[in-house]
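In what follows, a structure is listed as structure tokens, so that the remarks can point back to it.
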Amino acid sequence: MVLFAKRSELLGTENAFKVGEDIRRVEASGRDVIRLNLGEPDFNSADNINLKAKQEIDRGNSHYTDPAGIPALREAIAEQVGRTRGFSVIPEQVAVFPGAKPSIAYTLLTYVNPDDEVIYPSPGFPIYESWVIYVGARPVPLHLEESRGFAFTAEDLDKLLTPRTRVLIINSPSNPTGGVLSQRDLEEIAEVVRARTDENFRIYSDEIYEQILFDGNVHRSITSLPGMRERTILVSGHSKTYAMTGWRLGYAVLPTVEEANAFKQLNINIVSCVPPFIQEAGVEALRNPANPAIIAEMSRQFQLRRDMVVDALNAIDGITCARPGGAFYVFPNIAGVCDKLGILRAYEGLPAQQKKRSSPSTLFQLFALYRHGVATLDRRSFGVVGSEGRHFLRLSIAADPDTLKEGINRLKNASRDSEGFADFFSRMPER
Ligand code: PMP
């Protein structure tokens, strides 16, 4: 008898959380760490939202709710999504979860059989690939190329679609690249989807960064295009827009009430419901007219930091960094640094088993953390399948400007420290 079920080996992870163990180890050794790993606003939720939750708790609003979400919240979501995407949504199409994340699992569990294929962006949010593999489906990464601003073309998509493809996952603005799909990109994707798939094909559109956009960009959703809302699971939530990551509040708008009920059924089986005072605070977030200005100011701050960080990274020999159009990440190419520090060579010399679990950018990420005190994430943290030969890091810019400056300074020092890397590598325990 073995302890763990077979499938438990298949589950991936989100290194943004997992790297916490390494950070604690580094801190325990007496070195401070600049944390650019986790994707959450460094701003707090607005006073009006906080106050509402406190009032609701005091009022005794602390019991189970409708597993699909309280009617007031589903109405507010239906109204907001309908208004911004230009079609009518009814509250019965909406399902509310503890964060946007559960909807990834729910989508894979609801629509995808073993051996079906799922196309997802790579680099992309790692939980997509994790769940695709967990349900026994075939992972089909859609590579976002740096040279195209981390967008993909309809042609790329067309090549990957087969009769077995059940779901296409898209995410704009994107984690980890900050890339934004243009109206034209979306139109082309929609055209391919209309031409190549049937009515049971689903798009999972992760729009969680919808309001964190730069340079005057406006959010565009594939659901606004003809024939698309009938096949799209539109997902968003409060974590990023309202700086409510730890509150755990997210939602999906499903193409049909029947599908929303399937998601509700999963809530009943797994979480029952989101705490009622959090859902009430979620209504406040959506309805309080003071909040759009707060969001706009947060995005403005992120844009200023983006400019500072992108310029500083591009000034480092061996690093090139694209300027993201939204979200709060930058995704520099560190191929030059991997070459300069001898990391490419060191990686090639690793035993096959170790090589499979690592990559040059993983080695640099570990070196930068353990020897230079700056926590970032490697390329493999955003989809392993097909990630070989791609050398990137993700930095979160959701940190105050002084912290960001110090973090980049440490990266710069790491990028010049060949001797330090050689020493680190020679002492590195097996990973
Ligand atoms: N999708 C993407 C693209 C994300 O970046 C995140 C959070 N990092 C999520 C979903 C999950 O959001 P939540 O915290 O609301 O579950």
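Computed over heavy atoms, backbone and side chain alike; hydrogens, waters and symmetry mates excluded. Counting convention: from 1, in listed order, for ligands and their atoms alike. Quick note: residue numbers are just sequence positions, from 1.
Proximity of the aromatic rings of F367 and H372 is defined here by a centroid distance below 6.0 angstrom, and this criterion is met. A distance below 6.0 Å separates the ring centres of Y209 and F328.
Cation-pi contact between K52 and F277: absent, since separation from the ring centre below 6.0 Å together with deviation from the ring axis within 45° is not met.
Remark: E79 engages R287 in a salt bridge, criterion side-chain N to carboxylate O under 4.0 Å. Looking at K240 and E207, no side-chain N of the basic residue comes within less than 4.0 Å of a carboxylate O on the acidic one, giving no salt bridge.
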Is there a side chain to side chain donor-acceptor pair (under 3.5 Å) between Y251 and R74? Walk through the geometry before answering.
CA-CA 9 Å; Y251 53 84; R74 283 187 291 145; over 6 Å; no

Can you list every pair where an N/O of ligand 1 is under 3.5 Å from an N/O on the protein?
| from | atom 1 | to | atom 2 | distance (Å) |
| --- | --- | --- | --- | --- |
| ligand 1 | 1 (N) | D206 | OD2 | 2.6 |
| ligand 1 | 5 (O) | N175 | ND2 | 2.8 |
| ligand 1 | 5 (O) | Y209 | OH | 2.7 |
| ligand 1 | 8 (N) | K240 | NZ | 2.8 |
| ligand 1 | 14 (O) | S239 | OG | 3.2 |
| ligand 1 | 14 (O) | R248 | NH1 | 2.9 |
| ligand 1 | 15 (O) | A100 | N | 2.8 |
| ligand 1 | 15 (O) | S239 | OG | 2.6 |
| ligand 1 | 16 (O) | A100 | N | 3.1 |
| ligand 1 | 16 (O) | K101 | N | 2.9 |
| ligand 1 | 16 (O) | R248 | NH2 | 2.8 |

